[in-house]
2 protein chains.
Amino acid sequence: MMWTPIGSDSTVPIYEQIIGQVVGVVASGGLKPGELLPSVREMAGLLLVNPNTVARAYGELERSGIVESRRGTGMLITPDAPQKSAEMRVAILKDRLRPLLRDALGYGLTASEINRLIELELAATIVSKNHPKSKPANPETN
Amino acid sequence: MMWTPIGSDSTVPIYEQIIGQVVGVVASGGLKPGELLPSVREMAGLLLVNPNTVARAYGELERSGIVESRRGTGMLITPDAPQKSAEMRVAILKDRLRPLLRDALGYGLTASEINRLIELELAATIVSKNHPKSKPANPETN
DNA sequence: GTCAGTGTACTATGTAGGTATAACACTAGT
DNA sequence: ACTAGTGTTATACCTACATAGTACACTGAC
């Protein structure tokens with residue numbers, strides 16, 4: 001329930017999506033310092049992804065100081081992981097947001113139009129999260 | 001001035017970025033029906049990109065009915081290109097927005113936090129567009 | 001007719017991301 | 001000691017994307 005399978009509607013590399021999920025869970029208190037991340041193979045099963053891809057994500061999380069590798073035991077959440085994760089979480093979003101907003105402006109849309117579009121889509125995303133059965137007014141995007 | 005070179009800070013394929021630029025220019029009236037798109041080779045020079053990549057983008061634009069191929073002449077903007085482009089423009093943005101917003105919610109952020117973050121980043125993007133020389137408060141994102 | 005400039009097509013090469021599979025080094029529990 | 005479960009590393013293979021270079025078919029202007 002804590003981890004959501006990797007979808008295919010994102011151009012973001014899978015290993016980066018995994019990093020994002022871990023950072024998100026840690027930042028929001030779902031995992032606390034001293035606890036262990038799901039093992040590489042277990043996480044691969046949960047996310048329906050190859051273990052190598054998970055290993056790569058874990059490796060980068062270690063280089064970021066979010067997690068510490070314990071051979072034979074698992075990946076340990078570091079003491080300052082919550083703080084670093086909270087920072088990283090907004091950094092990741094900003095990095096993904098920047099090209100999108102630049103393009104949106106390049107399309108000739110005004111800032112208020114862009115904001116309105118985003119708020120609508122955000123609302124739609126929230127309701128579709130609460131009612132996974134029926135998709136909200138989005139008949140055709142093609 | 002109408003076309004901006006392809007940057008490298010986007011995970012979106014170059015040919016899709018080109019499609020986006022054309023759609024944006026047409027939707028905002030920068031090019032009208034009956035006019036010609038820059039030639040494959042010329043556009044490649046403007047965007048600092050390989051002609052093959054431009055050709056692929058043009059091909060998909062033709063399949064979308066935005067443009068019509070005239071062998072030996074160029075790519076002609078179709079009569080209903082403005083309408084189709086306007087629709088496509090928001091469809092593209094929505095498709096890129098959806099996974100981002102879903103992830104943002106998954107990170108444990110509230111809708112208002114997300115909206116605030118986006119408005120800040122949007123404002124920053126606008127000023128950096130008007131003052132390309134000095135970058136706004138964004139010393140390090142890594 | 002010629003020629004420059006169109007779109008189009010093909011082959012080859014390189015890189016990044018992902019999968020599949022296997023092996024290795026280590027730790028904890030029994 | 002044994003064993004199961006850790007992280008780690010390595011190889012091979014595949015696909016999408018992008019580049020480089022070349023060639024072909026067509027159009028318009030001269």
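The figures that follow rest on heavy atoms only: side chains count, while hydrogens, waters and symmetry mates do not. Letters go in sequence order (proteins before strands), and every chain restarts at 1.
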Nucleotide [N], atom [atom2] - distance to [atom1] of [X] in whole Å:
{"X": "A:Met43", "N": "D:dT8", "atom1": "CE", "atom2": "P", "result": "14 Å"}
{"X": "A:Leu36", "N": "C:dT27", "atom1": "CG", "atom2": "C1'", "result": "12 Å"}
{"X": "B:Leu37", "N": "C:dG7", "atom1": "CG", "atom2": "P", "result": "9 Å"}
{"X": "A:Leu47", "N": "C:dG18", "atom1": "CG", "atom2": "C1'", "result": "14 Å"}
{"X": "A:Tyr58", "N": "D:dT9", "atom1": "OH", "atom2": "C1'", "result": "18 Å"}
{"X": "A:Arg63", "N": "D:dT8", "atom1": "CZ", "atom2": "P", "result": "12 Å"}

Residues in side chain to side chain donor-acceptor pair (under 3.5 Å) contact with [X], at least two apart in sequence or another chain:
{"X": "A:Tyr58", "value": "none"}
{"X": "A:Glu113", "value": "A:Thr110"}
{"X": "A:Gln83", "value": "A:Glu87"}

Mind checking what makes salt bridge (charged side-chain N to carboxylate O under 4.0 Å, His left out) contact with [X], not counting sequence neighbours?
{"X": "A:Arg102", "value": "B:Asp9"}
{"X": "B:Arg70", "value": "B:Glu68"}
{"X": "B:Arg89", "value": "none"}

Any residue meeting side-chain contact (heavy atoms from CB on, under 4.5 Å) with A:Pro79, in chain and number order, not counting sequence neighbours:
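Once residues adjacent in sequence are excluded, A:Pro79 has no partner under the side-chain contact (heavy atoms from CB on, under 4.5 Å) criterion.
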- Item | Connected-component partners of B:Val12 among ILVMFWY, side-chain separation under 4.5 Å |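 Traced through the cluster, B:Val12 reaches no other member.
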### Query
Which other residues end up in the same hydrophobic cluster as B:Leu36, if Ile, Leu, Val, Met, Phe, Trp and Tyr are linked when side-chain heavy atoms come under 4.5 Å apart?
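Same cluster as B:Leu36: B:Leu76.
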Among residues 19-26 of chain B, which contact DNA chain D at a heavy-atom distance under 4.0 Å?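 The answer is none.
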Nucleotide by nucleotide, nucleotides 18-30 of chain D touches protein heavy atoms under 4.0 Å in the pattern (B base, S sugar-phosphate only, - none) SBBB-B-SBBS--
Original post:
Any donor-acceptor pair under 3.5 Å linking the side chain of B:Thr78 with the backbone of B:Gly65?
Top reply: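 Yes, the answer is positive, given that a donor and an acceptor are paired below the 3.5 Å cut-off.
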Query raised in the report: So, is A:Ser39 near the phosphate of D:dT6, with a side-chain N or O under 4.0 Å from OP1 or OP2?
Result: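 Result: yes.
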Non-hydrogen side-chain atoms of A:Pro99 and B:Arg96 separated by less than 4.5 Å: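 Yes. Closest side-chain heavy atoms under 4.5 Å.
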- Message: Angle between the end axes of the helix from C:dG1-D:dC30 to C:dT30-D:dA1, five pairs per end, to the nearest 10 degrees?
- Response: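 Comparing the axis at each end, I get an angle of 0°.
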